[in-house]
Amino acid sequence: MAGNRMGRRDFVAKSVAAGVGAWAASGNARVLGAADRVRLGLIGAGARGLDLVRQTLEAPNTELIAVADVYTRRHDEARNLVPGVRAFRDHRQLLDLKDVDAVLVASPLHCHARHFLDTVAAGKDLYCEKTMTWSIAEADACRQAAAKSDRVVQIGLQHVSTGAFADAKQWLRDGLVGKVASVESWMSRNTPRGVGQWVRPVPSDCTAATVAWDAFLNGRPARPFDGFAFINWRLFWEFSGGNVTENMVHQMSWIMGLLDLPLPTAASMSGGIFSEKDRREVPDTIAVTFEFPTDLVVTWQSTFSNSHYGLGERVLGSHGTIERLSGSTDMVTGRLTSGVHYYPEPANRANGEAITGRAPDGNHMATFLDCVRSRRRPNAPVELGYRTAVAAHMANLAYRARQRITLEDALSSSGR
Ligand SMILES: NC(=O)c1ccc[n+]([C@@H]2O[C@H](COP(=O)([O-])OP(=O)(O)OC[C@H]3O[C@@H](n4cnc5c(N)ncnc54)[C@H](O)[C@@H]3O)[C@@H](O)[C@H]2O)c1
């Protein structure tokens with residue numbers, strides 16, 4: 001572990017320095033009016049990147065001008081969606097385009113910081129997928145770069161745009177929940193036995209000729225092309241943070257945003273590779289505990305070999321409980337139980353009534369596009385991206401060290 005950690009720290013210092021210095025500010029930002037067309041670029045045109053493009057196609061007055069992806073197959077897939085879109089292998093060519101106002105970043109996690117820093121330095125607004133960065137040091141660098149710029153930055157933590165978030169926030173404001181000392185959350189999925197969660201087939205055209213492998217490695221040690229790792233980057237620590245950066249971060253954004261939580265003071269995480277022993281390095285079975293300075297413990301549990309309880313959060317207050325359930329199926333009736341509910345605590349709200357949330361979901365992408373025009377702060381700003389990224393990385397650091405880690409230790413192990 002000690003050896004791993006040194007390697008990781010060295011790499012972080014190198015990649016952050018490279019990212020910070022790589023791109024000179026071009027100051028080419030256009031001032032947009034409320035009715036102006038937003039012209040977009042996309043870095044990382046894989047599964048999520050093209051989902052984001054579909055979302056922008058539904059929004060009025062937006063246009064995808066260019067995509068950048070290291071894999072030429074993705075250029076064709078983007079052109080199928082947006083005929084005539086310009087396509088580059090190197091994201092810096094996209095950032096050179098004066099007519100791109102805002103950039104969507106949906107590259108693998110270990111490339112987020114580079115793409116974030118280069119985009120902001122190029123004077124473009126930014127929608128960056130979660131988790132904001134692969135490491136705490138990179139999260140620091142991105143937070144600082146965003147603070148020094150006037151760019152609009154939204155992180156892809158869309159759970160804070162849900163109606164359930166708005167309802168729960170209101171119940172807290174109305175004093176219906178009381179003292180919250182404990183929050184429990186969970187996320188569970190399943191696959192047919194023998195098939196690991198997240199594993200994708202490697203297309204036959206995925207070769208050293210069609211992929212700019214060194215650009216994908218992004219500072220990691222050079223090695224021969226590995227199509228499986230390129231397509232299945234989520235399974236490997238060098239490129240991913242596993243399920244805490246893939247999924248827990250969404251739920252932590254909901255919980256931390258809801259309760260306005262600062263950084264955790266400590267994290268513990270246990271688990272392992274228990275579901276499918278494929279080439280993966282990141283655990284598939286996880287139990288995380290976060291301690292917060294506000295006398296609060298948040299737990300998150302996850303499995304990849306049972307999906308019965310879907311995902312959810314329970315905010316356990318002295319005066320009431322907020323429960324958000326998504327995607328869990330009642331096996332008897334087949335009904336999908338989802339939504340957000342409030343249940344009073346008889347000890348402190350004897351006459352209280354249960355409430356079902358009714359607020360409509362917001363549109364995370366449309367909010368970003370509105371903010372690009374209005375220059376307002378979006379609902380998942382860098383600050384939330386930063387706090388949730390640090391929490392996620394604290395959990396992974398604790399898991400890899402096999403011990404509870406304090407915030408102080410996590411920050412110092414990340415080079416601060
Ligand atoms: N907010 C959400 O709900 C949500 C959902 C899914 C994925 N995501 C996030 O989106 C990101 C992408 O996930 P995905 O499933 O689309 O992965 P993916 O592998 O399908 O797509 C990533 C794309 O990035 C390209 N790429 C790799 N290195 C690059 C580089 N240096 N420059 C340019 N392009 C590069 C790859 O060729 C690939 O096309 C991840 O951070 C993931 O966590 C978010």
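In listed order, ligands and their atoms are each counted from 1.
- When hydrogens are left out, the protein atom nearest atom 43 (O) of ligand 1 is Lys130 NZ, 2.9 Å; that is the closest non-hydrogen contact.
- Protein heavy atom at the shortest distance from atom 12 (C) of ligand 1 is Ala106 O, 3.2 Å.
- For the pair Arg114 and ligand 1, no heavy-atom separation below 4.0 Å is found.
- When hydrogens are left out, the protein atom nearest atom 14 (P) of ligand 1 is Arg234 NH2, 3.8 Å; that is the closest non-hydrogen contact.
- For Gln158, a nitrogen or oxygen atom sits less than 3.5 Å from a nitrogen or oxygen atom of ligand 1, counting backbone and side chain alike.
- Ring-plane geometry between Phe225 and Phe230 is classed as tilted, the angle between the planes lying from 30 to 60 degrees on a 0 to 90 degree scale.
- Closest to atom 35 (C) of ligand 1, if we only count protein heavy atoms, is Val70 CG2, 3.7 Å.
- A donor-acceptor contact closer than 3.5 angstrom is absent between the side chains of Glu313 and Trp254.
- With a 4.0 Å heavy-atom cut-off, ligand 1 is reached by the side chain of Cys111 but not by its N, CA, C or O.
- Considering both main-chain and side-chain atoms, Pro108 never comes within under 3.5 Å of ligand 1 through any nitrogen or oxygen pair.
- Taking the six-membered ring where the residue is Trp, Tyr127 and Phe368 present perpendicular rings, their angle passing 60° and hence far from 30°.
- Considering only non-hydrogen protein atoms, atom 4 (C) of ligand 1 sits nearest to Arg48 NE, 3.3 Å.
- Within the 6.0 Å centre-distance limit, the rings of Trp198 and Phe304 are counted as a close aromatic pair.
- Numbered from 1 in the order shown, with element, the atoms of ligand 1 that lie under 4.0 Å from a heavy atom of Tyr71 read 37 (O).
- Partners of Glu77 by side-chain hydrogen bond (donor to acceptor under 3.5 Å, both in side chains), not counting sequence neighbours, listed by chain and number: Arg73, Arg74.
- When Ser107, Ser253, Cys128 are ranked by how near their heavy atoms come to atom 11 (C) of ligand 1, first place goes to Ser107.
- Between Arg89 and ligand 1, no N or O atom pair is found at a separation short of 3.5 Å.
- Residue-level proximity to ligand 1 for Arg200 is carried by the side chain, the only part with a heavy atom below 4.0 angstrom.
- No hydrogens or angles considered: a donor-acceptor pair under 3.5 Å links the side chains of Gln170 and Asp174.
- A donor-acceptor pair shorter than 3.5 Å cannot be found between the side chains of Asp205 and Thr210.
- Counting the atoms of ligand 1 from 1 in the order shown, those under 4.0 Å from a heavy atom of His250 are 1 (N), 2 (C), 3 (O).
- Aromatic pair Tyr71/Phe216: ring centres not closer than 6.0 Å.
- For atom 1 (N) of ligand 1, the closest non-hydrogen atom on the protein side is Glu129 OE1, 2.8 Å.
- There is no side-chain donor-acceptor pair under 3.5 Å between Asn363 and Gln158.
- Of all the listed residues (Thr131, Asn218, Asp69), Asp69 holds the heavy atom that lies closest to atom 39 (O) of ligand 1.
- The closest side-chain donor-acceptor pair between Ser305 and Ser275 falls under 3.5 angstrom.
- Checked against side chain to side chain contact (heavy atoms under 4.5 Å, CB included), Ala212 has the following partners two or more places apart in sequence or in another chain: Val70, Arg89, Ala215.
- When non-hydrogen atoms are compared, ligand 1 lies under 4.0 Å from the side chain of Glu246 (C-beta onward) but not from its backbone.
- Using the six-membered ring where Trp is involved, Tyr399 and Trp237 have ring planes that are tilted, between 30° and 60° apart.
- Heavy atoms of His115 come nearer than 4.0 angstrom to ligand 1 in at least one pair.
- When hydrogens are left out, the protein atom nearest atom 19 (O) of ligand 1 is Trp233 NE1, 2.9 Å; that is the closest non-hydrogen contact.
- Other residues, nucleotides and ligands place no more than 12 heavy atoms under 6.0 Å from the CD atom of Gln301.
- Residue, atom and distance of the protein heavy atom nearest to atom 31 (N) of ligand 1 are Ala215 O, 3.3 Å.
- Between Gly156 and ligand 1, an N or O atom pair is found at a separation short of 3.5 Å.
- Of all the atoms in ligand 1, the ones that sit under 4.0 Å from a non-hydrogen atom of Arg74 are 39 (O).
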